[in-house]
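Heads up, the thing below is written out as structure tokens.
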Number of protein chains: 2
Amino acid sequence: MKGILNMNHQLEHDRKTRQKIVKVARDLFMELGYRAVSTRRIADVCGITQPTLYHHFKNKKELYMEVLKSELLDMQTALDRIIKRFENHLEECLFQVTYYILINKPAGIGQMFHDIEKELGKEQQEEIKKRWIEAYQAPIASIFEKGIREGKLRNPAEFGSDPVLSSYLLLNLISSRNTDHPVPEPVAKAQARLYTNVLLYGLASPDEETKK
Amino acid sequence: MKGILNMNHQLEHDRKTRQKIVKVARDLFMELGYRAVSTRRIADVCGITQPTLYHHFKNKKELYMEVLKSELLDMQTALDRIIKRFENHLEECLFQVTYYILINKPAGIGQMFHDIEKELGKEQQEEIKKRWIEAYQAPIASIFEKGIREGKLRNPAEFGSDPVLSSYLLLNLISSRNTDHPVPEPVAKAQARLYTNVLLYGLASPDEETKK
DNA sequence: CACCCTCCCTATCAACTGATAGGTTTTTTG
DNA sequence: CAAAAAACCTATCAGTTGATAGGGAGGGTG
């Protein structure tokens, strides 16, 4: 009994250090990019030495994978919660999702894509892509799917859109370059409103489309 | 006279090597990113040695600046031409611009932004940002401006959009992550059509907005 | 022909990278 | 309490990076 408790003690210590490393690495990687962050820098911020990193992680890429996994898991949890909460109001749901991502992923999302594509091996890419779909694409696509089913959105067959494509459109709008990060809250709110408005209703003046 | 000719000969040789370096560096930087491309690699592809690079350029960043300038200048020329050609047809104009960027900037545009933000000094960023506005934002914004003047687009005051913001929206849509580069021509065409359609008319079913 | 300037080379540098070897300290186990 | 395992350290490695010094070739100029 005492053995188990003590073992837990040690394991917990290990777990804490590991978590700290992941947390620090996450902040640095997301802000500066994979290549721009050295293992020494991560270790310094953590208050440990660089070789100690290699006691907890096989190598830099594996640490980065861990960072991505935690990042994506958090996002998935958050988006699922938001979508469930606003599931009966398409427009508000889209807005809330947009707003959340805008607030919580300042420069991170574009950076992430860059690094996944350029720095990871093919098999690692596959794994992260799978998790990225679970975290971002699938939840958002589910919103559009519901909208199409209920006739609130255009027929994909006519317009060339579909739930998955639409989710990419929204995400591309969000990962924008026009603002300096981080964005203050009211600005983010206005931005999120603009993005969802444009995505739903377009920029053309209301009487223009009927002429088409 | 002969002296001038001969001097031109030598100058031209220098110019040719310089251009070759810029061309090679441009391809590599745009595909792989600034940090992932070493000066040695650029030199190898050019068929020269690495120190020779430093005879033509002060350092790596200056070479990258040259690459960005040529890249942006080409884009500006192309977009201005397209816009002038289709200036009396808003929708087609947007489509052509979107299509052109989609075809000619496969992975480059996102990469570019990443590197400008992360690898350049502040003053260099300012200079490139200025040129980027001339090359991308201003031309595209002029399309939207005209559309607003002619009443074909929504009133920015009501919708929260304006020509500059709208140009960012389009560019964000274009620099997408959903496709593997490079994109075959017909796919790019369909994509460009979808982007402009969504941007102009939105995803909501046509009778939805009037209810609002 | 002698001089020089331009272009490009070889050789080399210091800094930094990710990663490993091996010892030391602390905690858990039998 | 001794053995062993875990966590972290110091010291060090080889490879790559951007960048510089200095020499050689070759045409251009006096």
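Each chain gets a letter, A, B and so on, in the order its sequence line appears, and its residues count up from 1. Please read these numbers as outputs of a predicted model, since none were measured by experiment.
- Residue B:Thr17 places at least one side-chain N or O under 4.0 Å from the OP1 or OP2 atom of C:dC8.
- Each of C:dA19, D:dA19, C:dA11 was ranked by its minimum atom distance to the side chain of B:Pro51; first place goes to C:dA11.
- Put simply, CZ on A:Phe57 is 15 Å from P on C:dT20, counting in whole angstrom units.
- Taking 4.0 angstrom as the limit, A:His56 places a side-chain polar atom (N or O) nearer than this to OP1 or OP2 of D:dC8.
- Whole-Å rounding puts the A:Tyr54 OH to C:dA19 P distance at 3 Å.
- Distance CG (A:Asn59) to P (C:dT20): 8 Å, rounded to an integer number of Å.
- For the pair B:Lys16 NZ and C:dC7 C1', the interatomic distance rounds to 15 Å; values are reported in whole Å.
- The distance between atom CD of B:Glu62 and atom C1' of D:dA19, rounded to the nearest whole Å, is 14 Å.
- Within the 4.0 Å cut-off from OP1 or OP2 of C:dC9, at least one side-chain nitrogen or oxygen of B:Thr52 is found.
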Derivation and outcome, salt bridge (Lys or Arg N to Asp or Glu O under 4.0 Å), residues B:Lys189 and B:Glu185: CA-CA 6 Å; B:Lys189 225 159 205 157; B:Glu185 193 207 328; 3.5 Å; yes
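- The side chain of B:Thr49 contributes no N or O atom lying less than 4.0 Å from OP1 or OP2 of C:dC8.
- Atom CG of B:Leu53 and atom P of D:dG18 are 10 Å apart (whole Å).
- In this structure, CZ of B:Arg15 is placed 14 Å from P of C:dC8, rounded to the nearest angstrom.
- The aromatic rings of A:His114 and B:His114 sit parallel to each other, their planes meeting at less than 30°, with 60° as the upper class boundary.
- Near DNA chain D, meaning a heavy atom under 4.0 Å away, the residues from residues 24-42 of chain B are B:Val37, B:Ser38, B:Thr39, B:Arg40.
- Taken to the nearest 0.5 Å, the CZ atom of A:Phe95 stands 9.0 Å off from the CZ atom of A:Phe86.
- The distance from atom OH of B:Tyr64 to atom P of D:dG18 is 14 Å, rounded to the nearest whole Å.
- Around the NZ atom of A:Lys146, the shell of radius 6.0 Å holds more than 12 heavy atoms that belong to other residues, nucleotides or ligands.
- For the OP1/OP2 pair of D:dA7 and a distance below 4.0 Å, the side-chain nitrogens and oxygens of A:His55 include at least one atom meeting the criterion.
- Taking CG of A:Leu63 as the reference point, atom NZ of A:Lys58 lies at 13.5 Å (rounded to 0.5 Å).
- Both tests do not hold together for B:Lys118 against B:Tyr34: distance to the six-membered ring centre under 6.0 Å, angle to the ring axis within 45°.
- Taking each heavy atom of B:Asp115 and B:Phe29 in turn, the nearest pair found is OD2-O, 4.3 Å.
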